[in-house]
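Input: a single structure, listed below in structure tokens.
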Amino acid sequence: MATECRVVTGGSYDVDVSLEAPNSEVIYRQLKAQFDSHTFVAPQTGEYAACFSNQFSTFSHKLVYMDFQVGDEPLLPGLGEHSTVMTQMESSAEKVHKSLVTVADYQTHHKLREAQGRKRAEDLNERVFWWSLLETIVILTVGFGQVCILKNFFSEKRPVQYTRIS
């Protein structure tokens, strides 16, 4: 059994990872991991748990990619059934199969990179929105203040009359 995890977005891109067996025994533990891969032989059958902790970084939310791979990659049907040398067609089919597995790994890698880029773009879009809103409020406030000051310059002021009290 193999596990793989990667922090896609958030904070310093690190989380605590632990893997627990069905009897609650901790099989694997890694602190502050950004990317981690662990291969092991399952000691017993049952439900295994992968636990992630972000306890040391309570202010940043994180998105984590997790992949479990159980067992070895099965052979193509018919390739392991005879004891003679493989034909050219069989060896080509095996080569194509290995290439497709590699392509699937590259696709996973690029999906993770796309998710990171999308999250970064959404954060930047949010910052630009709030900055633009703040600038608009400041411009409207300054404009209103200027109108009031100019209005005050051109308003007619009546002179104050003093009366004598005797």
Side-chain angles (χ1 to χ4, degrees), residues 1-140:
M1 180 180 269
T3 62
E4 179 182 332
C5 67
R6 177 185 300 253
V7 180
V8 178
T9 60
S12 300
Y13 297 103
D14 53 354
V15 292
D16 296 339
V17 180
S18 67
L19 189 61
E20 296 179 4
N23 62 356
S24 298
E25 175 189 348
V26 176
I27 296 173
Y28 178 74
R29 182 181 306 267
Q30 180 70 31
L31 301 177
K32 294 188 177 182
Q34 294 177 348
F35 169 79
D36 200 16
S37 181
H38 179 66
T39 304
F40 65 99
V41 175
Q44 57 191 342
T45 60
E47 292 184 15
Y48 286 79
C51 305
F52 299 98
S53 173
N54 193 27
Q55 189 173 14
F56 58 87
S57 177
T58 57
F59 292 113
S60 63
H61 299 287
K62 297 184 178 162
L63 178 64
V64 178
Y65 164 78
M66 179 70 189
D67 185 25
F68 274 110
Q69 295 175 354
V70 180
D72 292 330
E73 180 73 27
L75 292 174
L76 289 174
L79 285 185
E81 297 174 356
H82 53 80
S83 59
T84 60
V85 179
M86 288 193 294
T87 66
Q88 188 175 3
M89 179 69 100
E90 290 171 334
S91 60
S92 294
E94 185 178 24
K95 221 186 265 186
V96 167
H97 179 69
K98 286 181 181 178
S99 296
L100 287 175
V101 169
T102 304
V103 167
D105 289 341
Y106 280 129
Q107 282 180 332
T108 301
H109 172 74
H110 288 295
K111 281 182 194 175
L112 294 175
R113 295 289 303 263
E114 185 270 335
Q116 284 177 326
R118 184 175 2 98
K119 179 67 173 149
R120 223 174 257 137
E122 288 172 356
D123 289 344
L124 182 61
N125 184 32
E126 185 177 354
R127 286 183 192 173
V128 168
F129 170 76
W130 288 112
W131 180 255
S132 299
L133 186 66
L134 178 68
E135 275 187 331
T136 302
I137 291 171
V138 167
I139 288 172
L140 291 175

E114: partners by salt bridge (charged side-chain N to carboxylate O under 4.0 Å, His left out), with sequence neighbours left out: R118
Nearest-0.5 Å distance that lies between atom CZ in R113 and atom OG1 in T108: 14.0 Å
By side chain to side chain donor-acceptor pair (under 3.5 Å) - contacts of D105 (at least two apart): none
Partner residues of K119 under the salt bridge (charged side-chain N to carboxylate O under 4.0 Å, His left out) criterion, sequence neighbours left out: D123
S99 side, atom OG; E94 side, atom CD - distance, nearest 0.5 Å: 10.5 Å
Note, P22 side chain near Y48 side chain (heavy atom, < 4.5 Å): yes
Those residues that, when tested against Y106, pass side chain to side chain contact (heavy atoms under 4.5 Å, CB included) (two or more places apart): T102, H110
Non-neighbouring partners of E135 that pass side chain to side chain donor-acceptor pair (under 3.5 Å), sequence neighbours left out: W131
Inter-residue atom distance L31.CG - S18.OG, 0.5 Å rounding: 9.5 Å
Qualifying residues under side chain to side chain donor-acceptor pair (under 3.5 Å), relative to R120, sequence neighbours excluded: Y13
Test item: D16 side-chain N/O and K32 main-chain N/O as donor-acceptor pair under 3.5 Å: yes
Nearest-0.5 Å distance, CD1 of residue I137 to CG of residue L134: 6.5 Å
